[in-house]
Amino acid sequence: MSLDTITSSIDDAVSGFFEPIATWLGEIVFYSVPVADTQLPLIVAWLVVAGLIFSGWFGLVQIRKFRLAIDVVRGKYDEKGSAGEVNHFQALTAAVSGTVGLGNIAGVAVAVSIGGPGATFWMILCGLLGMATKFVEVTLGVKYREVHADGSVSGGPMHYLPKGLAERFGARGKTLGKVLAVLASAMILFFGLFGGNLFQVNQSYAQLVSVTGGESGMMGSSAGALFFGILIAAIVGIVLLGGIRSIASVTSKLVPAMAGIYIVACIVVILVNVSAVPSAISTIIEGAFNPEGVAGGVLGALIIGFKRAAFSNEAGLGSAPIAHSAVKTKHPASEGLVALLEPFIDTVVICTMTALTIVIANPASWGEARKGESIGGVTITSDAFGTVLPWFPYILTIAVMLFAISTVLTWGYYCMKAWTHLFGRSKASELTFKVMYTLFAVAGSLLTLQTLIDMADAVLFMLAVINIIGLYLLAPVVKRELNSFLAYVRRRDAGLDTEADEDEDQEPVKTTV
């Protein structure tokens, strides 16, 4: 029996068993209500409303404190002797690597195909709102993190939900928080294995096959798939063994590299067609408020743009605080400000560059997709670059590989924190997880398991419901932390001694064995 036959049998068996469950779960999590002539998924409205509320609650912190956030990333307000494992820049790149991925390349193309160019405008707006949500959840992630005896750090919703709710609401809050923490851990683990690992490897392998002669090419065989899976698994396993310091070291180089390659290619296409830029921007703005051929008109374009942005930057889902919690700082809000740059990079910059490139290049495949033809998003984006750079599919393949590897690495860290919360932090427990996670990477090149991937998406967005309720309840804590950090910044800028003040302001971080 050939390897292809075995993998096909596994795919069919898994799909047959889980498809009813995935369909049922998807219908609940992504339940949609009719709005005009289109459908609005309530989970998208839930994420966008959170962004609106937190933007108002914190006085548009994503705009007023944007420059301060950049200063923090640059290390201007670093504090000596801070607990943590990585600096602000490394924490940011580790978290960005978990959100910037194939969705920025393929998902945006689908959005501007279904929702028209105007979806870009609403995508940007949703990204700006998501910055406030990200600020809140990451501040809580650092506030309630645990620093272990070996210096490693654990954070995320599985920590700030039980601790924060217990602090604010006593015994009842503690009981509820513990239940929510277990659910959050299970959801993060499930999504990480299938969406953050298997899917990323599968899609990057598909892109590699497409530029190496297709299924008849050198990588199209089952042997080629197995070799690719083992190679990715080896890279992931080696880096994962080093923990967040190793992951941050890799992603701090990988993320700027992959973003740089991609953005430079976008700029090349835009500059070659520079005369079309004013028209493209006009088309995007007009399409946002007067779209043609889009179901639901303006609301249709808005919903599609919001949906793409919400699914891309993960603001409110509780995943990013896990990476950000490892930062070296005594002021949780400092990393919250750093984190608000994440949706800006992911959605406002990279997603917008993709959309603008497609609108300006106007490839034939985009026109066909807008007429209802079934064309993959990666194909549309690749064709847009191909109008100027015929060899770009090869560069795109490299970018996809970098996106995929960085995403797999970051989600490996997220999953490990969820795993150890559920099963303990022993060396045997951590080693078991790392072996399992690397095996999933190998499976990613051989299996599709689309049903489980769809199910993983639903599970992750279930986490958003739990997480954002917690964010609302703990927002006053974030307000205090922000005021504390801003006071520290004012003293630091005035050249005053901040050491004594820092010790008085900060609560001790819980240290566990």
Side-chain angles (χ1 to χ4, degrees), residues 47 50-51 54-55 57-58 60-78 82 84-100 126-145 153 155-157 159-160 164 244 247-248 251-252 255 259 309-310 312-350 410-411 413-414 417 464 467-468 470-471 474-475 477-479 481-482 484-486 489:
L47 292 169
F54 292 130
S55 293
W57 201 330
F58 293 96
L60 295 177
V61 65
Q62 66 268 56
I63 296 174
R64 293 189 303 109
K65 302 302 177 184
F66 188 86
R67 183 172 178 178
L68 175 58
I70 294 176
D71 286 340
V72 176
V73 173
R74 289 173 45 231
K76 183 176 179 181
Y77 297 103
D78 283 355
S82 300
E85 300 181 79
V86 296
N87 61 36
H88 289 290
F89 177 73
Q90 290 174 323
L92 175 64
T93 55
V96 167
S97 68
T99 59
V100 176
C126 185
L128 293 172
L129 294 176
M131 293 167 71
T133 306
K134 191 80 77 168
F135 160 74
V136 174
E137 62 182 349
V138 169
T139 298
L140 291 172
V142 179
K143 167 71 175 175
Y144 295 106
R145 65 183 177 175
V153 177
H159 292 277
Y160 61 72
I244 187 60
I247 294 170
T251 56
S252 65
V255 170
S312 175
N313 61 50
E314 298 180 11
L317 272 61
S319 50
I322 301 173
H324 285 286
S325 294
V327 72
K328 295 177 181 177
T329 185
K330 297 177 182 177
H331 290 87
S334 68
E335 189 63 16
L337 292 174
V338 169
L340 64 77
L341 297 174
E342 193 181 321
F344 183 83
I345 295 167
D346 176 273
T347 304
V348 179
V349 176
I350 297 180
T410 298
W411 271 99
Y413 178 70
Y414 293 171
K417 291 304 178 182
N467 186 54
I468 288 177
L471 301 188
L474 297 174
V477 176
V478 179
K479 179 77 79 172
E481 291 298 332
L482 177 60
S484 172
F485 179 62
L486 293 180
V489 168

> Taking K479 for the side chain and W57 for the main chain, is one N or O donor matched with an acceptor at less than 3.5 Å?
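Yes; judged by distance alone, with no hydrogens or angles, the pair exists.
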> Determine whether L486 and L68 make a side-chain contact, defined as any pair of heavy atoms from C-beta on separated by less than 4.5 Å.
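In contact.
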> I need the I70 CD1 to L337 CG distance, nearest 0.5 Å.
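Result: 11.5 Å between the selected atoms.
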> What's the spacing between Q90 CD and E85 CD if we round to 0.5 Å?
10.5 Å
> Give me each pair satisfying side chain to side chain donor-acceptor pair (under 3.5 Å) with a member in residues 66-75, each pair once, sequence neighbours excluded.
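Those involving residues 66-75 are D71-R74.
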> Can you confirm whether L47 sits close enough to L317 that some side-chain heavy atom of one is under 4.5 Å from a side-chain heavy atom of the other?
yes
> How long is the span from the CG atom in N467 to the CG atom in L474, to the nearest 0.5 Å?
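That separation rounds to 9.5 Å.
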> Using the ring pair (Phe, Tyr, Trp, His ring centres under 6.0 Å) criterion, which residues pair with F58? Sequence neighbours excluded.
F135
> Can you name the closest pair of heavy atoms from G141 and P321 and give their distance?
CA-CB, 4.2 Å
> Could you work out, with side chain to side chain contact (heavy atoms under 4.5 Å, CB included) as the rule, every residue matching L129, not counting sequence neighbours?
V48, L52, S55
> Tell me, do D346 and V96 make a side-chain contact under 4.5 Å, heavy atoms counted?
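Side chain of D346 against side chain of V96, heavy atoms only: no contact under 4.5 Å found.
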> List the residues meeting side-chain hydrogen bond (donor to acceptor under 3.5 Å, both in side chains) with H88, not counting sequence neighbours, and say none if there are none.
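H88 satisfies side-chain hydrogen bond (donor to acceptor under 3.5 Å, both in side chains) with E335 once adjacent residues are dropped.
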> Could you tell me which residues satisfy ring pair (Phe, Tyr, Trp, His ring centres under 6.0 Å) with Y160, sequence neighbours excluded, listed by chain and number?
none
> Could you tell me which non-hydrogen atom of L340 sits nearest to which non-hydrogen atom of A69, and how far apart they are?
CD1-CB, 4.3 Å
> Has the side chain of E137 got a donor or acceptor atom that lies under 3.5 Å from a matching backbone atom of A320?
no
> Please report the C-alpha distance between V153 and H159 in whole Å, then the side-chain angles of each, then the deciding distance to 0.1 Å, and finally whether the side-chain contact (heavy atoms from CB on, under 4.5 Å) criterion is met.
CA-CA 11 Å; V153 177; H159 292 277; over 6 Å; no
> Which residues pass the ring pair (Phe, Tyr, Trp, His ring centres under 6.0 Å) test with Y77, not counting sequence neighbours?
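Partners of Y77 by the ring pair (Phe, Tyr, Trp, His ring centres under 6.0 Å) criterion come out as none, since no residue qualifies.
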> Can you list the residues that meet the side-chain hydrogen bond (donor to acceptor under 3.5 Å, both in side chains) rule with K65, with sequence neighbours excluded?
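K65 satisfies side-chain hydrogen bond (donor to acceptor under 3.5 Å, both in side chains) with no residue once adjacent residues are dropped.
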> Restricting to salt bridge (charged side-chain N to carboxylate O under 4.0 Å, His left out), what partner residues turn up for E342, sequence neighbours left out?
K134
> Taking only residues two or more places apart in sequence, or in another chain, which ones meet F54 in a ring pair (Phe, Tyr, Trp, His ring centres under 6.0 Å)?
Y472
> Mind checking side-chain hydrogen bond (donor to acceptor under 3.5 Å, both in side chains) for S319 and listing every partner two or more places apart, or none if nothing turns up?
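Result, side-chain hydrogen bond (donor to acceptor under 3.5 Å, both in side chains) vs S319: E314.
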> With rounding to the nearest 0.5 Å, note down the distance linking CE in M131 to CG in L341.
6.0 Å
> Sort out for me which residue in H331, H324, E481 forms a side chain to side chain contact (heavy atoms under 4.5 Å, CB included) with T139.
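With T139 as partner, side chain to side chain contact (heavy atoms under 4.5 Å, CB included) holds for just one option, E481.
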> side-chain hydrogen bond (donor to acceptor under 3.5 Å, both in side chains) with S325: which residues, sequence neighbours excluded?
none
> Search all heavy atoms of A95 against all heavy atoms of Y414 and return the closest pair with its distance.
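Reported closest heavy-atom pair: CA-OH, 3.7 Å.
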